[in-house]
Amino acid sequence: MKKIALAVAACLYFMGTGHGQDQPTSQMQFASTSHDFGQIKEVDGIVTHVFEFKNISNKPLVINFVSSSCGCTTPEYDKKPVMPGGSGKIKVAYDPAGRPGAFNKEIVIVSNNRQTEDVLTIQGDVVPRPRTIDDDFPVKIGEGLRASSNSVSFGPIALGYSHSKTIYLYNQSERDIRIETETAEMPGGISVSVNPKTLSPKGKGNIVVTYDLTNVRNYSCLEQSFTLLANGKAYEYPIRITAVTIPDFSGLSDEERRVAPHIDPSATFHHFGTTQIGKSLEETFEIGNIGGRDLVIEAVIPEDSTIRYTLDKKVIKPKESARITLTLDTSDAIARLSKKVTLISNDLFDPVMELRVATNLQ
């Protein structure tokens with residue numbers, strides 16, 4: 001048996017040696033495997049560099065494929081075999097559009113010449129193009145008036161403070177523009193101011209939206225809008241204002257932050273599938289607390305009257321959970337219905353969470 005084992009081992013050894021001798025021995029030798037474009041201007045567009053190589057083996061070399069680390073980098077190469085002693089080229093193009101600043105990209109070459117890839121690198125520094133009026137004021141209001149945005153998103157903002165956001169304006173026309181706002185009934189604390197009220201040609205101004213929560217104690221999801229007028233002509237789209245109020249965490253100690261409660265839902269979305277119009281649909285979610293202190297559900301805010309909820313408890317101790325059941329009314333819907341409720345809690349890291357349910361109707 002021992003002789004047989006030795007014979008098998010010897011056979012395997014020589015088989016392995018023979019296999020190794022059959023491996024391709026061709027190699028790519030590059031004049032340089034890196035290129036520094038130095039400083040290039042974004043406005044000048046695409047730059048290119050050609051990497052030259054030589055097949056220093058005694059077998060034909062075939063490039064299987066060349067890949068780059070970014071869509072901004074495009075390699076071009078000849079797919080024909082390069083004979084022994086022959087040479088080839090790989091052209092690499094870099095598009096700096098929208099990519100100001102330094103860059104360093106890799107181009108990986110996979111060929112039949114060796115077991116590891118050849119890697120080329122390009123680098124440089126893109127000088128950004130000068131900003132234009134279109135960049136800074138992309139929204140066309142009308143009458144030559146342009147704006148930096150057509151919405152104001154406060155995001156999660158703490159009770160007890162006054163918060164402001166600004167929309168910047170520019171008069172691209174050759175005449176004065178009178179700017180006015182028409183606001184629907186707003187909740188307390190929201191104010192909109194225009195400065196100046198008349199913009200001279202090529203002049204700049206702003207609209208400041210303020211949400212004063214210094215004396216507000218109730219949590220809410222704000223979704224409001226106002227109309228912007230230029231020389232009495234209304235902009236066709238209302239300017240949207242959105243915000244979600246959350247607790248003030250600024251006074252927490254380091255220890256309170258370390259053991260802060262953390263919300264952990266069983267899921268945040270449920271699809272009921274296809275159902276008949278008019279049915280009432282229910283789904284229950286579990287809301288866990290994986291933090292170190294009590295999790296308090298400060299508020300549950302339904303999107304509208306088509307979705308209702310029941311919550312079995314508002315205070316959830318560590319490692320425990322609560323159950324919230326959402327009821328979706330489909331009686332006035334068509335085709336597809338998707339609704340949400342927003343939970344606001346004392347979770348320091350995730351104080352706003354949405355639970356959403358949806359159904360297709362027939």
Side-chain angles (χ1 to χ4, degrees), residues 1-138 148-149:
M1 291 294 292
K2 186 175 182 181
K3 290 181 179 180
I4 294 173
L6 289 172
V8 170
C11 182
L12 291 172
Y13 172 79
F14 286 112
M15 287 174 62
T17 304
H19 178 71
Q21 290 175 346
D22 289 338
Q23 292 296 312
T25 58
S26 60
Q27 292 186 6
M28 303 174 75
Q29 184 181 68
F30 284 89
S32 175
T33 57
S34 65
H35 178 71
D36 188 348
F37 285 104
Q39 201 170 70
I40 61 176
K41 294 180 179 181
E42 184 182 356
V43 293
D44 289 342
I46 295 173
V47 292
T48 61
H49 177 73
V50 175
F51 291 93
E52 298 184 353
F53 66 88
K54 185 176 181 180
N55 179 2
I56 60 173
S57 75
N58 59 0
K59 294 186 178 182
L61 183 148
V62 178
I63 298 176
N64 296 324
F65 66 88
V66 182
S67 64
S68 61
S69 57
C70 173
C72 57
T73 307
T74 308
E76 294 181 15
Y77 59 96
D78 193 343
K79 297 181 181 180
K80 295 179 180 179
V82 178
M83 294 297 109
S87 60
K89 299 177 181 180
I90 296 176
K91 181 179 178 181
V92 178
Y94 180 76
D95 185 356
R99 301 177 178 91
F103 66 90
N104 190 311
K105 304 296 178 182
E106 289 188 346
I107 302 94
V108 178
I109 306 162
V110 178
S111 66
N112 68 336
N113 70 334
R114 48 198 298 195
Q115 295 179 352
T116 57
E117 303 95 347
D118 290 280
V119 179
L120 307 175
T121 60
I122 58 170
Q123 65 184 46
D125 188 24
V126 179
V127 178
R129 62 180 174 81
R131 293 189 66 84
T132 66
I133 293 300
D134 288 354
D135 293 329
D136 294 331
F137 305 93
S148 59
S149 177

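These numbers come from the heavy atoms of this one structure, side chains and all, not from hydrogens, waters or symmetry mates. What you see is a predicted model, and the numbers here were worked out from it, not measured in a lab. Each residue takes its place number in the sequence, starting with 1.
Gln29 contributes atom CD, which lies 4.5 Å from atom CD1 of Ile56 (distance to the nearest 0.5 angstrom). Within the model, atoms CG of Leu61 and CG of Asn112 stand 5.0 Å from one another, a figure rounded to the nearest 0.5 Å.
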Review item, side-chain donor-acceptor pairs of residues 72-87, under 3.5 Å, at least two apart:
unit_1 : atom_1 : unit_2 : atom_2 : d
Asp78  : OD1    : Lys80  : N      : 3.0

Could you go through residues 96-109 and list every donor-acceptor pair under 3.5 Å that involves a side-chain atom there, pairing it with any protein atom two or more places apart or in another chain?
unit_1 : atom_1 : unit_2 : atom_2 : d
Arg99  : NH1    : Asp95  : O      : 2.9
Arg99  : NH1    : Ala97  : O      : 3.2
Asn104 : ND2    : Gln123 : OE1    : 3.4

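With sequence neighbours left out, Asp135 forms a side-chain hydrogen bond (donor to acceptor under 3.5 Å, both in side chains) with Arg129, Thr132. The side-chain contact (heavy atoms from CB on, under 4.5 Å) search around Ser34 returns Ser32, Thr121, not counting sequence neighbours. Residues passing the salt bridge (Lys or Arg N to Asp or Glu O under 4.0 Å) test with Asp136, sequence neighbours excluded: Arg131. Residues passing the ring-ring contact (aromatic ring centres under 6.0 Å, His included) test with Phe30 are Phe53, sequence neighbours excluded.
Residue pairs meeting the side-chain hydrogen bond (donor to acceptor under 3.5 Å, both in side chains) criterion with at least one partner in residues 44-54, sequence neighbours excluded, are His35-His49.
Between Ser57 and Asn55, the closest heavy-atom pair is OG-OD1, 2.7 Å.
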